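For ligands, and for the atoms within them, numbers begin at 1 and follow the listed sequence. On a predicted model such as this, the values are computed, not experimentally measured, just so you know.
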Amino acid sequence: MPTLTKLYTMQEAAQHNTKEDCWVVIDGKVYDVSTYLDEHPGGDDVLLATTGKDATDEFEDAGHSKTAKELMENFCIGELEEMPSPAIPELEIVSKNRTKDISQKLVNLTKQYWVVPVAVVGMSVVTGFLYLRRK
Ligand code: HEM
């Protein structure tokens, strides 16, 4: 039978940051450790210090035993909700910059090669002048 997993945002989990009401997020799962704070061998302060952020690294760094990992399942209340990827806004910024780059390059080229159109116009004027004089 499928089980329903409750989803929480990090913002929601971060609000539970007191000794009476403490949630920690480890490896995408949300744990309510309020009743375990006083019993935690690592102390309650370390747990309270990790509220509002992903505590996976801190949990792994402490080198928890298999028993600790089994015990933590008792406190699991749900999972962390995936946030939408920021990839699309980033792409927009890149494309805007690219358009800017191209127009800037055109301006630079025009500045660099202004002699070419001036020479063409000059030669046309001289040719026209000579042509008219021959008539
Ligand atoms: C539901 C979450 C957690 C449970 C059930 C839990 C449980 C335990 C247990 C049973 C121990 C004793 C050693 C062992 O068996 O590995 C322990 C030690 C420890 N824990 Fe946790 N822990 C949790 C989360 C955390 C987090 C998030 C941190 C770090 C921010 C942390 C830091 C520590 C430290 C530093 C020790 C070592 C204490 C010592 O050896 O002096 N724990 N924990």
Would you say atom 13 (C) of ligand 1 has a protein heavy atom nearer than 4.0 Å?
no
Pair Phe59, Lys69 - check side-chain contact (heavy atoms from CB on, under 4.5 Å), show working.
CA-CA 10 Å; Phe59 182 81; Lys69 286 173 187 167; 4.0 Å; yes
Shortest non-hydrogen contact between Leu80 and Met10, atoms and distance
CD1-N, 3.8 Å
Name the closest protein heavy atom to atom 7 (C) of ligand 1, giving the residue it belongs to and the distance to 0.1 Å.
Tyr36 OH, 3.3 Å
For Ser34 and Asp21, which heavy atoms make the closest approach, and how far apart are they?
OG-CA, 3.4 Å
Go through the steps to decide whether Tyr31 and Ile26 satisfy the test side-chain contact (heavy atoms from CB on, under 4.5 Å), and finish with yes or no.
CA-CA 8 Å; Tyr31 299 88; Ile26 300 164; 3.8 Å; yes
Atom 36 (C) of ligand 1: the protein heavy-atom neighbour that sits closest, reported with distance to 0.1 Å
Gly42 CA, 3.7 Å
Check whether any side-chain heavy atom of Val33 sits under 4.5 Å from a side-chain heavy atom of Thr35, and report yes or no.
no
Ignoring hydrogens and angles, tell me if any N or O in the side chain of His16 forms a donor-acceptor pair with the backbone of Asp32 under 3.5 Å.
no
Please confirm whether His40 comes within less than 3.5 Å of ligand 1 when only nitrogen or oxygen atoms on both sides are compared.
yes
Electrostatic pair Lys6-Glu12, nearest N-O below 4.0 angstrom
no
Would you mind running through ligand 1 and noting each atom that sits below 4.0 Å from a heavy atom of Met72?
1 (C), 5 (C)
among protein heavy atoms, the one nearest atom 29 (C) of ligand 1 is Glu58 CB, 3.7 Å
Protein contact to atom 25 (C) of ligand 1 [nearest heavy atom, distance to 0.1 Å]:
Leu47 CD2, 3.3 Å
Would you name the heavy atoms of Ala14 and Gly52 that are closest together and state the gap between them?
CB-CA, 3.4 Å
Could you list the atoms of ligand 1 found under 4.0 angstrom from a heavy atom of Val33?
1 (C)
Do me a favour and list the nearest non-hydrogen protein atom to atom 30 (C) of ligand 1 with residue, atom name and distance?
Thr50 CG2, 3.3 Å
Starting from atom 8 (C) of ligand 1, find the nearest protein heavy-atom neighbour and note its residue, name and distance.
His64 CD2, 3.4 Å
Can Thr67 be said to touch ligand 1, with heavy atoms closer than 4.0 Å?
no
Around atom 35 (C) of ligand 1, find the nearest protein heavy atom and jot down its residue, atom name and distance.
Ala62 CB, 3.7 Å
In the protein, what heavy atom is nearest to atom 15 (O) of ligand 1, and what distance, to one decimal place, separates them?
Ser65 OG, 2.6 Å
Which atom pair, heavy atoms only, marks the closest approach of Pro41 to Tyr36?
CD-OH, 3.4 Å
